[in-house]
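In what follows, a structure is listed as structure tokens, so that the remarks can point back to it.
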Protein chains: 2
Amino acid sequence: MEATQKAVSLLETAQLRQTPQRIVILATLLAEHTHPSAEDLHLRISPQLPSISIGTVYRTLESLVEAGIVRKVRSESGTMFFDANIEPHHHLYDEHARRIADFEDARLHALIAEYLQKHPIPGFDVYDFQLHISGSFQPPVS
Amino acid sequence: MEATQKAVSLLETAQLRQTPQRIVILATLLAEHTHPSAEDLHLRISPQLPSISIGTVYRTLESLVEAGIVRKVRSESGTMFFDANIEPHHHLYDEHARRIADFEDARLHALIAEYLQKHPIPGFDVYDFQLHISGSFQPPVS
DNA sequence: CTAGCTGCAAAGCGTTTGCATCAAT
DNA sequence: ATTGATGCAAACGCTTTGCAGCTAG
């Protein structure tokens, strides 16, 4: 399915207003295979919708997160990155390129989930967990 | 050993100048069992050393991190928290109280490390990993 | 003596927000 | 028509930085 159509249908089921801004933001994010920041998205969208403001991008992303359509992940540097992949997955933090990539490994996820279930943490109620793996994509020339 | 003495000896072995500011900052952090922010530390230190500036706190903490004496962890909200416990450990993110607590579990750490070693990620060099467990300390009254 | 740390204040950066206007429903 | 979204710009919170003076070595 095309990204724009998918965006429209997701907004519809989430009962969110289908404004041009929201449709473009969500469609752009769905078409991405990376994890863009709000600013990244704003830059990418500006040519198609020059009047869109960065504030709207932030507010829209926040609504999408609340609706469960989008996930946000904070990077080491503090910037938020957005992710339309809401399947449980982990992240690889590239320390050199300063970007974040998805890391899906159902077995690893199950392994940790099982461990946490078998060994509950006293006084702490676990909602969710995420593995942050830091390293680099291309080993630095040493 | 007393915190101040430990701070002095850590600064010495790290070959960092033993200024009153650095000694107090490190000693305060060593005495903490929580993960204070730079501002927390500044507030806690001000009565003893009223002239100390927040900039110095940040610069000192950065030096200590570089020296491997201190770890920093970014919270969900974006604020940095500092931690004098440099043993490999994971963190519990309390979504309600917005604080971070240590979670040490050598078996879980070993389990994940072993898995990552046995199943290398193609094209990615792993330096380190951290499990972010989110939840709450006192289950909300529902 | 001198390399490097400190205090101060200003600037930086990503993000949020108040407000008047505008548009989806 | 009404509720909620938008653009704009100002403000925000945390962190970093330039600079002149100070201090540990």
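By convention in this document, chain letters (A, B, ...) are assigned in the order of the sequence lines, proteins followed by strands, and residues within each chain are numbered from 1. The figures here come from the full heavy-atom set of this structure, side chains too, leaving out hydrogens, waters and symmetry mates. Computed from a prediction, not measured in an experiment: that's the story for all the values here.
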Across the strands shown, which category fits A:Ser63 at heavy-atom distances under 4.0 angstrom: base, sugar-phosphate, nothing?
nothing
Nearest-angstrom distance from the residue atom NZ of A:Lys72 to C1' of C:dT16:
11 Å
Nearest whole angstrom, please: distance from the P of C:dT6 to the CD1 of B:Ile23.
10 Å
Ranking B:Ala38 and A:Leu49 by the position along DNA chain D of their nearest nucleotide, the one closer to 5' is A:Leu49
Give a yes-or-no answer on whether the side chains of B:Thr34 and B:Glu32 include a donor-acceptor pair shorter than 3.5 Å.
yes
Report which part of the nucleic acid A:Gln18 touches: base, sugar-phosphate, or nothing (heavy-atom distance under 4.0 Å, all strands).
sugar-phosphate
Counting the atoms with a prime plus P, OP1 and OP2 as sugar-phosphate, which does A:Ser37 contact under 4.0 Å by heavy atoms, base, sugar-phosphate, or nothing?
nothing
Rounded off to whole Å, could you give me the CD1-to-C1' distance for the B:Ile54 and D:dC14 pair?
9 Å
Sidechain N-carboxylate O distance under 4.0 Å for B:Lys118, B:Glu114
yes
Name the nucleic acid region contacted by A:Pro20, choosing base, sugar-phosphate or nothing; use a 4.0 angstrom heavy-atom cut-off, strictly under.
sugar-phosphate
Looking only at the side chain of A:Thr79 (C-beta and beyond, no hydrogens), which of the listed nucleotides D:dG7, C:dT15, C:dT6 gets closest?
C:dT15
Counting only heavy atoms from other residues, nucleotides and ligands, does the tally under 6.0 Å from CD of B:Glu104 exceed 12?
yes
Exercise: do B:Tyr127 and A:Ser136 side chains pair donor with acceptor under 3.5 Å
yes
Could you check A:Thr19 against B:Gln21 and say which one's nearest nucleotide on DNA chain C is further toward the 5' end?
B:Gln21
Please determine, for the side chain of A:Thr56, which listed nucleotide (D:dC14, D:dG7, C:dT6) has the closest atom?
D:dG7
A:Glu62 atom CD is separated from D:dG4 atom C1', nearest whole Å, by 17 Å
Which whole-number value in Å describes the distance from A:Tyr58 OH to D:dG7 P?
15 Å
In whole Å, I'd like the distance from the NE2 atom of A:His42 to the C1' atom of D:dG7.
10 Å
Can we call the ring centroids of B:Phe129 and A:His90 under 6.0 Å apart?
no
Rounded to whole Å, how long is the line connecting atom CD1 of A:Ile45 with atom P of D:dT6?
11 Å
Grab the CD1-C1' distance between A:Ile25 and D:dA5 for me, whole Å please.
11 Å
Nearest to the side chain of B:Arg17 - C:dG4, D:dT16, C:dC19?
C:dG4
Please work out if B:Ile52 contacts a base, only the sugar-phosphate, or nothing of the nucleic acid, heavy-atom cut-off 4.0 Å.
sugar-phosphate
Looking at C:dG4, does its base get a donor-acceptor pair with the side chain of B:Arg59 below 3.5 Å?
no
Distance check: side-chain N/O of B:Ser51 vs OP1/OP2 of C:dG7, anything under 4.0 Å?
yes
